Number of protein chains: 2
Amino acid sequence: MSAPPEADALQEPRRGELTAAQSRVIAAAVVLFSRHGVGGTSLQMIADEIGVTKAAVYHQYKTKDAIVLAAAEAELASLEAVIAAAEAAPSRTRARDLLITGMVGLAVEDRRTVNTILTDPVIGEFFARHEHFRDVMRRLHGLLVGDDAGAPARVRTAMLIAAISGAVMHPFVVDLDDEVLRAELECLARRFLGLPG
Amino acid sequence: MSAPPEADALQEPRRGELTAAQSRVIAAAVVLFSRHGVGGTSLQMIADEIGVTKAAVYHQYKTKDAIVLAAAEAELASLEAVIAAAEAAPSRTRARDLLITGMVGLAVEDRRTVNTILTDPVIGEFFARHEHFRDVMRRLHGLLVGDDAGAPARVRTAMLIAAISGAVMHPFVVDLDDEVLRAELECLARRFLGLPG
DNA sequence: GTCTATAGTGCGATAGAC
DNA sequence: GTCTATCGCACTATAGAC
């Protein structure tokens, strides 16, 4: 595919460039995965969602697994961007601040998709097998609690990640405005970490 | 699958009245759902897991949806028992204490099954349709924050539920001993609620 | 890049014997 | 309660025209 060289410096996840057709496939897949689970989503559903045939989808990705992998990495890329921004912060306090704000922002923005996809067993297997995911998690943990690899620190990080990504899709908050939810989540997340906020 | 939604509202299975054969089906289903997702689990897999044929499984439950529903309510029943015990406590403080201990205990005990099943999109649809689930969540919320239905209280409850159920299956804590994980989770959950302990 | 057409497989579900 | 056997269908994946 041919793209204008200037205009698209913004959406490159650095890990494999997606063509426009591929982006359409992944966008549809993410929505459907979150609605029906990975196992409950067929290539026919993805094809229908973007208005093409199955064969056209197969031309972009040779197998369903390849689509699942690309969708998982697309989701991960958003988180990685937030982490990279936080790592570039001048101070540790500022870094944690950026991280909380960024993570809450991502979760609120996507709501239903983020956690459902992150907790899907099929995606979980991909993440467990791929070093890139573990690396991102390690960097996130480092920003939150430093080099401490003890049990309390690890449980703390796990709880914060689960709390933010899981809370946004809970029935209790479905009717809340994005801005209200974002503010409350940030406040409670900071308090959980013992930060001012 | 994906039957007309209106049809199954009347035929709620009575909890706690499972035959031995039905219990075997549900136990196998819960394990497989958490490992492959609901959509990725076939009746053949369930039949193989308990060593019978598909037809024998169909004799216990007429459709796959009926199995999914029974499995979801079996998971919910554990939580309901914890809530009932907490509601019977003499004081509100004691009730919250029992609730935290019970919820953490359930989550640690099951680890992989609890959260994966709770966040599966197919199970989520069942929960959204059935009043019983909403009732359990309402009682849980009441125990945690009383009658307060404001945004901060709801976000707080949602975060705590997500934090406990989600943290136990995070990669960071997979290697932790059950007792260590339980102690850390209880401590952090209490602190999140501003309780002593 | 998308199409039609088709392969081979496994699915949910049913009938009827034991 | 479990079995064998089967139906009709949807699935993943491929081949080849445009």
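Remember, it's a predicted structure, so these values are computed and weren't measured experimentally.
- Rounded to an integer number of Å, the gap from Asp48(B) CG to dC3(D) P is 11 Å.
- Projected onto DNA chain C by closest heavy-atom contact, Ala55(B) and Arg24(A) fall at different nucleotides, the more 5' of which corresponds to Arg24(A).
- Following rounding to the nearest Å, Tyr58(A) (OH) and dT2(C) (P) show an atom-to-atom distance of 16 Å.
- The existence of a salt bridge linking Asp148(B) and Arg156(B) is excluded, since no basic side-chain nitrogen approaches an acidic carboxylate oxygen closer than 4.0 Å.
- A donor-acceptor pair shorter than 3.5 Å can be found between the side chains of His132(A) and Glu80(A).
- For Thr53(B), the listed nucleotide lying nearest its side chain is dC3(D); candidates were dG1(D), dT14(D), dC3(D).
- Contact check, Gln60(B) against dT2(D): a side-chain N or O comes under 4.0 Å of OP1 or OP2.
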Inset, instruction - Any chance you could lay out the side chain to side chain contact (heavy atoms under 4.5 Å, CB included) test for Glu179(B) and Arg182(B), step after step, and finish with the verdict? - result: CA-CA 5 Å; Glu179(B) 283 312 313; Arg182(B) 188 198 316 271; 3.1 Å; yes
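- Separating the NZ atom of Lys64(B) from the C1' atom of dG10(C) is a distance of 12 Å, rounded to the nearest angstrom.
- Straight-line distance from the CD atom of Gln44(A) to the C1' atom of dA13(D): 13 Å, rounded to whole Å.
- Between the P atom of dC11(D) and the CD1 atom of Ile67(A) lies a distance of 13 Å, rounded to the nearest Å.
- Contact check, Ser42(B) against dC11(C): a side-chain N or O comes under 4.0 Å of OP1 or OP2.
- Taking atom NZ on Lys54(B) and atom P on dC11(C), their separation rounds to 7 Å, with Å as the unit.
- One can place NZ of Lys62(B) at 12 Å from P of dA15(C), the figure rounded to the nearest angstrom.
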Inset, instruction - Show the numbers, then the answer: is there a side chain to side chain contact (heavy atoms under 4.5 Å, CB included) between Leu181(A) and Arg111(A)? - result: CA-CA 10 Å; Leu181(A) 178 59; Arg111(A) 293 248 190 163; 3.4 Å; yes
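- Of the candidates dT2(C), dG1(C), dT12(D), dG1(C) carries the atom nearest the Thr19(A) side chain, counting heavy atoms from C-beta on.
- Here Thr41(B) lies in heavy-atom contact (under 4.0 Å) with sugar-phosphate atoms only.
- The Val52(B) side chain lies nearest to dT2(D) when the options are dA13(C), dT2(D), dT12(D).
- Residue Ile46(B) contributes atom CD1, which lies 11 Å from atom C1' of dG12(C) at whole-angstrom precision.
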Inset, instruction - Using the side chain to side chain donor-acceptor pair (under 3.5 Å) rule, take Thr119(A) and Thr119(B) through it: C-alpha gap first, then chi angles, then the decisive distance, then the call. - result: CA-CA 7 Å; Thr119(A) 58; Thr119(B) 57; 2.9 Å; yes
